Amino acid sequence: MDYANDPELSGKYLGTITKDFAIVSDTLKEASYQIRRNDIKYPIFIFSRVPVPFGSLLLSPDEVATEWYVLASYLDIFVQQGLVAEDSEAAFQAAYKDPDEFCCLFVVDGEFTKFVFVPYPED
């Protein structure tokens with residue numbers, strides 16, 4: 001799986017993800033900090049149009065008027081659940097961007113899944 005930003009995301013997903021990310025970015029930045037504060041590395045936030053059976057629900061479309069459910073997880077859980085292959089863990093870690101500046105999103109829409117790193121808005 002490719003862990004870099006992908007232009008394929010730009011057409012169908014980037015607009016709604018960007019719009020919803022702007023709404024929830026402060027919450028995600030704080031959640032990332034709290035996850036890392038507990039010595040858990042590589043937080044991942046899942047954006048899904050429907051509830052998914054992995055991650056912990058942070059925000060639902062009903063709560064914050066978004067199109068996406070937002071769930072929190074991290075790399076070790078993704079490896080345990082087979083979403084990131086064990087032999088790809090090092091590649092993921094190498095591609096992971098500074099979590100103080102970028103949010104790691106795992107976008108899920110039906111069969112489509114993709115990692116994307118979105119910069120947090122500057123204060």
Side-chain angles (χ1 to χ4, degrees):
M1 185 177 286
D2 182 13
Y3 302 114
N5 282 347
D6 187 340
E8 171 186 344
L9 198 59
S10 63
K12 184 175 180 182
Y13 299 103
L14 198 55
T16 63
I17 289 171
T18 302
K19 179 178 69 74
D20 284 3
F21 184 76
I23 294 168
V24 301
S25 64
D26 288 342
T27 301
L28 298 186
K29 191 169 190 176
E30 178 62 24
S32 174
Y33 170 76
Q34 293 298 332
I35 290 168
R36 291 179 289 124
R37 192 174 132 213
N38 289 313
D39 292 329
I40 299 172
K41 296 182 181 179
Y42 308 105
I44 300 169
F45 296 96
I46 303 149
F47 267 46
S48 177
R49 294 214 189 252
V50 298
V52 292
F54 51 91
S56 298
L57 182 64
L58 283 180
L59 303 164
S60 73
D62 300 334
E63 293 176 78
V64 288
T66 60
E67 294 181 37
W68 299 87
Y69 286 85
V70 181
L71 299 96
S73 192
Y74 52 94
L75 179 58
D76 288 347
I77 297 295
F78 268 55
V79 171
Q80 290 171 18
Q81 294 178 332
L83 297 166
V84 171
E86 284 186 41
D87 61 354
S88 297
E89 190 172 355
F92 181 91
Q93 291 172 351
Y96 198 88
K97 297 182 183 281
D98 180 349
D100 288 323
E101 295 182 26
F102 290 87
C103 184
C104 177
L105 300 181
F106 184 66
V107 179
V108 178
D109 188 18
E111 295 296 313
F112 178 86
T113 59
K114 194 70 175 172
F115 283 98
V116 62
F117 293 89
V118 180
Y120 289 110
E122 295 195 20
D123 294 331

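Keep in mind that this is a model prediction, so the values were computed, not measured.
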First locate atom OG of Ser56, then atom OH of Tyr74, and finally report the distance between them rounded to the nearest 0.5 Å. 8.5 Å
May I have the step-by-step check of side chain to side chain contact (heavy atoms under 4.5 Å, CB included) for Leu59 and Thr27, ending in yes or no? CA-CA 9 Å; Leu59 303 164; Thr27 301; 4.1 Å; yes
So does Ile40 get a backbone contact from the side chain of Asn38, meaning a donor-acceptor N/O pair under 3.5 Å? no
Could you see if Phe21 belongs to whatever hydrophobic cluster contains Tyr33? Use Ile, Leu, Val, Met, Phe, Trp, Tyr and a side-chain cutoff under 4.5 Å. no
Taking all atoms of both residues into account, what is the closest heavy-atom pair of Cys104 and Pro43, and its distance? CB-O, 3.6 Å
Would a hydrophobic clustering, with Ile, Leu, Val, Met, Phe, Trp and Tyr connected at side-chain separations under 4.5 Å, put Phe106 with Leu57? yes
Evaluate the criterion side chain to side chain contact (heavy atoms under 4.5 Å, CB included) for residue pair Phe54 and Leu71; output intermediate values, then yes/no. CA-CA 8 Å; Phe54 51 91; Leu71 299 96; over 6 Å; no
To the nearest 0.5 Å, tell me how far Leu58 CG sits from Ile46 CD1. 9.0 Å
Lys19 side, atom NZ; Trp68 side, atom CH2 - distance, nearest 0.5 Å: 10.5 Å
Could you state the interatomic distance from CD (Glu89) to CG (Leu75), rounded to the nearest 0.5 Å? 4.5 Å
In this structure, is the centre-to-centre distance between the rings of Phe102 and Tyr96 below 6.0 Å? no
Keeping the roles fixed (side chain from Asp20, backbone from Glu67), state whether a donor-acceptor pair exists under 3.5 Å. yes
Which atom pair, heavy atoms only, marks the closest approach of Val24 to Phe47? CG2-CZ, 4.0 Å
Tyr69 and Val52: side chain to side chain contact (heavy atoms under 4.5 Å, CB included), yes or no, with the steps? CA-CA 9 Å; Tyr69 286 85; Val52 292; over 6 Å; no
Tyr42 ring center near Phe78 ring center (under 6.0 Å): no
Heavy-atom closest contact (Leu28 atom, Cys103 atom, distance): CD1-SG, 3.9 Å
Nearest 0.5 Å, please: how far is CD in Glu101 from NZ in Lys29? 8.0 Å
Are Ile23 and Leu105 in one and the same hydrophobic cluster, where Ile, Leu, Val, Met, Phe, Trp and Tyr link if side-chain heavy atoms are under 4.5 Å apart? yes
Provide the closest heavy-atom pair for Pro99 versus Tyr120 in the form atom of the first, atom of the second, distance. O-CE1, 3.5 Å
Using 30° and 60° as the class limits, which term best fits the ring planes of Phe92 and Phe115: parallel, tilted or perpendicular? perpendicular
Hey, what do you get for CG (Asp76) to CD (Gln80), rounding to the nearest 0.5 Å? 6.5 Å
